[in-house]
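Input: a single structure, listed below in structure tokens.
In what follows, chains are A, B, ... by sequence order, proteins preceding strands, each numbered from 1.
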Amino acid sequence: MDSKKLVAQVIVDNNSHQTDKLFDYLIPPHLINILKIGMRVLVPFGKGNKRLEAYLLNIAVIKEESLKLKEIITPLDYHSILSENQIKMVFWMRKKYMCKFIEAIHCIIPTGIVNKEKRILHLTKENWRNFIPHQQHKQMQIMMLLEEHGGSLSQDLINKTLPFKDCYQAIKSLEEEGYLDIEYQLSSRVNIKREQYVKLKKTIEEIDIVLNELNRAPKQVAMLEYLLKHREAKTTDITKTINTTNATIRALEAKGLITIFEKESKRNPFSTDEVELYPKLKATEEQENIIKEIVGDIIDNRSNNYLIHGITGSGKTEIYLQLMEVAKAEGKEGIILVPEISLTPQTVERFRGRFGEGIAVFHSNLSEGERYDEWRRISEGKVDMVIGARSAIFAPFNNLGLIIVDEEHEQTYKSEQNPKYHAIDIAFLRGMTEKAVVVLGSATPSIENYYKAQKGEIKLRTLEKRPQMAKLPEVEVIDMKEELDTGNTSILSNRLKSLIMENLEKKKQTILFLNRRGYSTFVSCRSCGHVVKCNHCDISMTFHMGTKSLNCHYCGLKISAPTSCPSCNSNRIKYFGAGTQKLERVIEGQFPGARVARLDLDVTGKKGAHERILADFKKGNKDILIGTQMISKGLDFPNVTLVGIISIDSTLNLPDFRASERSFQLITQVAGRAGRSLQAGRVVLQTYDPNHFSIVTASKHDFKGFYNEELEIRKEFAYPPFNNLIALNFSGGRDDELFQYVNKIADGIRYILQSKGYQSMNDMLLGPNAAIIPKINNKYRYQILLKDHGVELGTLKRLIRYFFIQHRQKYLPKGILAGIDINPYNLM
DNA sequence: AGCACGCCGACT
DNA sequence: GTCGGCGTGCTC
């Protein structure tokens with residue numbers, strides 16, 4: 001006989017570094033033809049053989065000898081829920097982002113589908129008191145508790161209720177001696193919503209006969225006729241349409257003419273709102289050329305990557321729409337990524353307006369149930385298009401043809417949670433393995449992707465014209481230092497003031513951008529210089545007018561606004577800096593009668609508020625819209641002819657190597673809101689640093705100029721795209737304790753690098769430094785940055801793996817958190 | 001993550 | 001002797 005055996009290699013579903021590896025299980029003979037790679041299975045795990053859910057990632061052949069393996073208990077799926085491509089992706093992600101298998105798996109499968117086991121104990125012997133010895137305290141207490149609760153109780157509850165920790169032994173012996181039964185229950189965390197339906201039980205001919213005899217029951221006739229036409233119907237729908245009650249249904253059922261059955265209902269995330277049709281536009285010559293080329297790739301199954309660099313308002317969305325139309329016609333599926341659904345309502349509306357139903361929408365506001373439903377709709381092939389934020393890149397399509405990443409440069413594509421993946425990395429991977437075309441689009445491409453395009457790794461295509469001859473707006477840079485010198489201490493320059501006035505008179509609309517919410521950005525004492533900071537976060541607090549409080553934008557702490565200095569008690573305390581709230585006040589004071597709206601995180605709390613404000617502005621009910629980042633994306637308002645950027649300096653001066661890039665992008669995107677129709681647009685850009693190259697190039701719409709200068713800097717300082725960066729973030733513990741620890745770790749890394757023969761570590765290891773925000777929520781924060789400059793990225797990753805994964809217990813004290821971020825986008 | 005084992009001090 | 005606390009180490 002064959003001495004080889006099949007083993008299942010599984011990943012158990014618990015979130016621990018120590019169990020983050022493949023475990024081997026025997027496949028019992030009766031399951032050999034049933035188990036498939038990608039299924040979930042139930043396995044006994046650990047000393048107590050606790051039943052754990054696990055993902056079967058591989059089936060391997062081993063020699064019989066050696067092992068005493070446990071057996072798989074049972075499969076949990078009828079079909080694989082992970083495809084082979086998805087399993088490859090799991091391995092790829094773990095390596096690339098240094099995350100756990102299970103973390104990568106949970107990206108691909110929504111949490112809703114995951115089952116959790118419960119153990120229920122059932123009391124089986126009524127007369128247990130006669131047998132259990134009194135000194136067995138634990139056993140007695142467990143049995144008494146069970147009896148109190150009518151004989152059945154979950155083990156969780158027993159553990160919570162009883163004073164001692166480990167009931168394991170006691171329960172085990174009670175079970176062995178037959179006093180209780182352990183029932184294993186798998187309860188799905190998501191309740192699948194079910195709805196009642198009715199359908200005909202007899203053939204059409206039979207019903208016809210009955211219909212002639214039913215002239216005394218018109219409602220029943222109507223219902224049968226309805227069902228003849230529609231085959232089946234929801235009970236609530238059918239009773240409403242023919243204006244009757246459940247009595248009719250029950251009568252027909254009693255006569256054996258119809259059956260009532262239940263069907264899973266899919267919650268509809270856009271239940272009520274109507275979609276406005278968005279008809280196909282005629283492509284310009286520029287657009288047409290790009291479309292033709294990419295369509296060829298889609299039809300021929302060529303996996304190709306494109307970057308479309310199109311100025312704001314050049315009609316990238318129309319290209320996406322027409323490409324998607326082709327993909328759909330070819331029977332392929334498509335993913336459209338947008339930075340954030342709620343910030344790009346217009347893009348979403350256009351897709352829905354063009355394609356109607358058959359689009360799944362993913363966004364962060366979906367409930368777990370809704371997310372699960374959308375996932376199911378996709379995996380069951382009910383939709384062929386998904387539009388959504390970052391996580392939509394994992395949409396479980398099987399015949400993917402096209403991936404579109406709109407506003408490709410946006411930071412939101414990089415996850416801030418584990419695994420800290422970048423959606424564009426995943427897009428390229430899927431494009432390659434699934435033979436799909438990836439199209440990135442932006443008016444301000446990221447340095448990284450533009451560089452790839454220059455090297456020929458991505459095909460670069462440009463759109464330089466706005467349709468209908470609309471022109472890019474003229475940008476005027478105002479030096480606020482000069483304004484100060486001439487005695488204007490207001491946050492509005494004289495030039496901007498007069499242009500707003502002019503615009504109001506001409507009944508044109510204005511957008512004012514300020515990247516700070518709240519009223520005053522910091523509060524400081526003019527006697528002693530004390531700045532009011534959050535007690536938990538070491539961040540200056542922002543004054544909010546509505547609540548008359550100082551808020552911490554990091555932990556959410558609110559304190560009442562002080563009238564005297566908390567440090568020296570002087571009453572010369574003053575509120576500095578301007579946020580959107582203050583700007584709103586200033587504008588209202590300056591232009592009485594102007595209709596002003598504000599859009600920032602503080603006013604969009606309520607569901608739908610965001611859309612309402614924008615719709616109101618679009619209709620022309622407001623003259624001036626004040627907003628933060630939120631207004632920089634995708635808005636297309638033809639009547640806006642003036643955009644004022646109140647200050648860009650806070651972005652420009654962020655201590656982050658991407659600050660220049662972000663500033664350029666922000667200016668360009670915000671400026672792009674002006675002059676989107678035939679009316680010429682104008683942008684006023686206020687700054688204290690008018691000669692900064694980001695500002696100079698952005699004001700001239702000179703992306704290439706910006707790119708070349710920025711690339712030089714990136715090269716000189718060995719930042720991406722030339723080098724990879726790894727951030728090690730530490731938090732927790734006492735300040736001095738943590739400081740000592742991070743130094744020890746940094747020394748350890750240096751020591752190992754040295755022993756490997758590397759001489760100067762200065763280019764490879766930066767820090768440890770206190771993080772840019774040194775304290776959040778009472779947790780101190782430190783950071784070590786690693787660069788693959790003069791050293792292989794793999795070497796650095798192995799080092800990190802050694803310290804923080806393989807020997808985690810040894811090198812990471814309790815109470816200190818360590819996070820690993822490969823190519824971080826947020827260094828704060 | 002969980003869980004058991006093993007060692008230790010505190011108590012009947 | 002027994003109980004419970006806590007540190008350590010393993011899970012196919």
Side-chain angles (χ1 to χ4, degrees), chain A residues 4-28 31-32 35 37 39-76 94 99-106 111 114-119 121 132-142 154-176 182 184 186 189 418-419 804-819:
Chain A
K4 284 174 178 170
K5 283 230 161 181
L6 289 182
V7 288
Q9 303 192 299
V10 308
I11 295 299
V12 291
D13 191 2
N14 70 6
N15 192 17
S16 154
H17 271 111
Q18 279 129 89
T19 51
D20 183 45
K21 56 178 178 176
L22 288 165
F23 287 91
D24 292 346
Y25 283 86
L26 284 178
I27 302 177
L31 291 180
I32 283 181
L35 287 177
I37 288 174
M39 280 183 175
R40 290 171 305 155
V41 293
L42 203 60
V43 294
F45 192 75
K47 298 210 174 102
N49 281 330
K50 188 184 156 79
R51 292 148 161 245
L52 274 188
E53 196 173 299
Y55 295 84
L56 174 48
L57 296 197
N58 193 26
I59 293 178
V61 181
I62 52 146
K63 286 260 163 27
E64 174 133 38
E65 349 153 344
S66 59
L67 304 153
K68 14 99 186 89
L69 298 178
K70 295 181 186 174
E71 282 190 350
I72 298 245
I73 297 171
T74 175
L76 294 171
R94 187 174 100 113
C99 66
K100 294 166 218 158
F101 281 113
I102 202 69
E103 288 172 330
I105 291 172
H106 285 321
T111 49
V114 177
N115 297 315
K116 263 262 157 112
E117 187 192 60
K118 265 172 117 183
R119 291 183 193 193
L121 308 187
I132 298 177
H134 287 286
Q135 58 269 36
Q136 297 286 355
H137 281 114
K138 285 192 191 174
Q139 299 193 4
M140 291 289 283
Q141 284 193 50
I142 291 166
S154 73
Q155 189 171 341
D156 288 357
L157 261 166
I158 289 178
N159 288 338
K160 267 179 212 146
T161 320
L162 292 182
F164 40 86
K165 261 190 189 165
D166 48 333
C167 313
Y168 180 84
Q169 208 65 49
I171 291 174
K172 198 169 151 192
S173 44
L174 281 170
E175 194 212 0
E176 276 167 7
I182 303 175
Y184 295 95
L186 280 170
R189 260 188 267 153
N418 283 334
F804 298 109
I805 295 175
Q806 284 163 337
H807 300 96
R808 187 167 250 266
Q809 323 87 295
K810 197 159 130 203
Y811 291 110
L812 192 65
K814 266 190 259 168
I816 293 182
L817 296 173

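- Between Asn58(A) atom CG and dC12(C) atom P there is a gap of 18 Å when expressed in whole angstrom units.
- Remark: the backbone N or O of Ile73(A) is not paired with any side-chain donor or acceptor of Tyr25(A) at under 3.5 angstrom.
- The distance between atom CG of Asn15(A) and atom P of dG2(B), rounded to the nearest whole Å, is 9 Å.
- Rounded to an integer number of Å, the gap from Phe23(A) CZ to dG2(B) C1' is 12 Å.
- Considering Ile59(A), Val7(A), Leu56(A) in turn, Ile59(A) is the only one that fulfils the side chain to side chain contact (heavy atoms under 4.5 Å, CB included) rule with Ile27(A).
- A straight line from NZ of Lys68(A) to P of dC10(C) spans 13 Å, rounded to a whole angstrom.
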### Query
Under the side-chain contact (heavy atoms from CB on, under 4.5 Å) criterion, do Val43(A) and Lys70(A) qualify, and how do the steps go?
CA-CA 8 Å; Val43(A) 294; Lys70(A) 295 181 186 174; over 6 Å; no

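- Summarising the geometry, the separation between NZ on Lys810(A) and C1' on dG9(C) is reported as 14 Å, rounded to the nearest angstrom.
- If you check dC12(C), dT11(C), dC3(B) against the side chain of Lys50(A), the one that comes closest is dC3(B).
- Within the 4.0 angstrom heavy-atom criterion, base atoms lie near Phe45(A).
- Taking atom NE2 of His807(A) as the reference point, atom P of dG9(C) lies 12 Å away to the nearest angstrom.
- Protein atom CZ of Phe101(A) is 17 Å distant from nucleotide atom C1' of dA1(B), rounded to whole Å.
- The ring of Phe45(A) has its center closer than 6.0 angstrom to the ring center of Phe23(A).
- In this structure, Lys814(A) reaches the sugar-phosphate backbone alone: every heavy-atom distance under 4.0 Å involves primed, P, OP1 or OP2 atoms, never a base.
- Here the P atom of nucleotide dA1(B) and the CG atom of Leu52(A) are 13 Å apart, to the nearest Å.
- In this structure, the nucleotide among dA4(B), dA1(B), dC12(C) sitting nearest to the side chain of Lys47(A) is dA4(B).
- Within 4.0 Å of Gln9(A), counting heavy atoms only, lies no atom of the nucleic acid at all.
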